Amino acid sequence: MRRAVRELHADPARVYLVGHSAGGAMTQNVAALYPEVFAGIATSAGIPFAADPTGAAAAIARTDRGPLPTLIVQGDRDSVTPPILGEIGVSAALGANGIRGVRGSSTTFPASVSGDPYTSVVTRYGRGQQEVVSAVVHGADHWTGPGGVTVNGPALDRLLIDFLVSKHR
């Protein structure tokens, strides 16, 4: 990662990691073990580091770095990664970022307005480096959208990208 940043002349304060399914699990693992490299992460249908619902394992692994902005996307009809894993992922991210118990603020993005195939409910917890965002996609299965990075489509993809690029180390 560091080599790619160097060779591509990328801004090392703006490196992000995104993964879907097994890639989502990998994203959580790599981010826990190398948090100093990333400004933020996003997963879709993944599982938390060490499958720990509390986030304690990730918090311990990244002790020197602290919180890491995290966005988690989960389809509520996922036939491969059960939706409960999305809830566990949010719980773990809240714990790892030190904001367990904080109330979230939810916004519904109806498919008819967003242009995405499904309605998404986006809940934001915390702010800044501690921020955790959950996007539950109603009616979505496991497979990603047409050419996108989430299980929904361009509006949710845009939200994910905007979330990440608003973060820096």
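Everything quoted here is computed from the prediction, not taken from an experiment.
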- Task: Give the C-alpha distance, both sets of side-chain angles, the deciding distance and a yes or no for side chain to side chain contact (heavy atoms under 4.5 Å, CB included) between Tyr125 and Asn97.
- Result: CA-CA 10 Å; Tyr125 306 87; Asn97 282 356; over 6 Å; no
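- Scanning all heavy atoms of the two residues, the minimum distance from Tyr16 to Phe38 falls at C-CD2, 4.0 Å.
- Atom CZ of Arg65 is separated from atom CD of Gln129 by 5.5 Å, given to the nearest 0.5 angstrom.
- Using a cutoff of 4.0 Å between basic side-chain nitrogens and carboxylate oxygens, Arg2 and Glu7 are not scored as salt-bridged.
- In this structure, Val121 is not a member of the same hydrophobic cluster as Val132, with clusters built from ILVMFWY side-chain heavy atoms closer than 4.5 Å.
- Connection of Ile72 to Val80 is not established within any shared hydrophobic cluster, with ILVMFWY side chains joined at heavy-atom distances below 4.5 Å, either directly or through further cluster members.
- Under 3.5 Å, the side chains of Ser21 and His142 contain a donor-acceptor pair of N or O atoms.
- When all heavy atoms of Val137 and Ser120 are compared, the pair lying nearest together is CG2-OG, 3.8 Å.
- Of the listed residues (Val18, Val73, Leu156), just one forms a side chain to side chain contact (heavy atoms under 4.5 Å, CB included) with Ser44, and that residue is Val73.
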- Item | Step-by-step side chain to side chain contact (heavy atoms under 4.5 Å, CB included) determination, Gln28 to Thr43 | CA-CA 8 Å; Gln28 294 285 349; Thr43 67; 3.5 Å; yes
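- Linking ILVMFWY residues whenever their side-chain heavy atoms come closer than 4.5 Å, directly or via other members, leaves Phe49 and Ile99 in distinct clusters.
- Side-chain N or O atoms of Asp78 include none that pairs as donor or acceptor with a backbone N or O of Pro83 at under 3.5 Å.
- Side-chain atoms of Ser91 and Arg100 include a donor-acceptor pair closer than 3.5 Å.
- Of all the heavy atoms in Val133 and Glu131, the pair that sits closest is CG2-OE2, 3.6 Å.
- Judged by distance alone, with hydrogens and angles left aside, the side-chain atoms of Asp76 form a donor-acceptor pair with the main-chain N or O of Gly139 at under 3.5 Å.
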- Given Asp116 and Phe109, is the side chain to side chain contact (heavy atoms under 4.5 Å, CB included) satisfied, shown in steps? CA-CA 9 Å; Asp116 283 348; Phe109 295 91; over 6 Å; no
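- Across all non-hydrogen atoms, the minimal contact from Ala39 to His168 is CB-CA, 3.6 Å.
- When atom types are taken as modelled, the side chain of Arg169 and the backbone of Pro12 share a donor-acceptor pair closer than 3.5 angstrom.
- Checked options Val37, Ile41, Leu68, Leu164; the residue passing with Leu17 is Ile41 (criterion: side chain to side chain contact (heavy atoms under 4.5 Å, CB included)).
- Under the 4.5 angstrom side-chain criterion for Ile, Leu, Val, Met, Phe, Trp and Tyr, Leu8 has no cluster partners at all.
- Tracing side-chain contacts under 4.5 Å through hydrophobic residues (I, L, V, M, F, W, Y), one reaches Leu160 starting from Val165; they form part of the same cluster.
- The hydrophobic cluster containing Ile60 does not contain Leu33, counting ILVMFWY residues as joined when their side-chain heavy atoms lie under 4.5 angstrom apart, directly or transitively.
- Of all heavy-atom pairs between Ala92 and Pro48, the closest is CB-CB, 3.5 Å.
- Listed by chain and number, the hydrophobic cluster partners of Leu85 are Ile47, Ile84, Ile88, where partners are ILVMFWY side chains within reach of under 4.5 Å, directly or through others.
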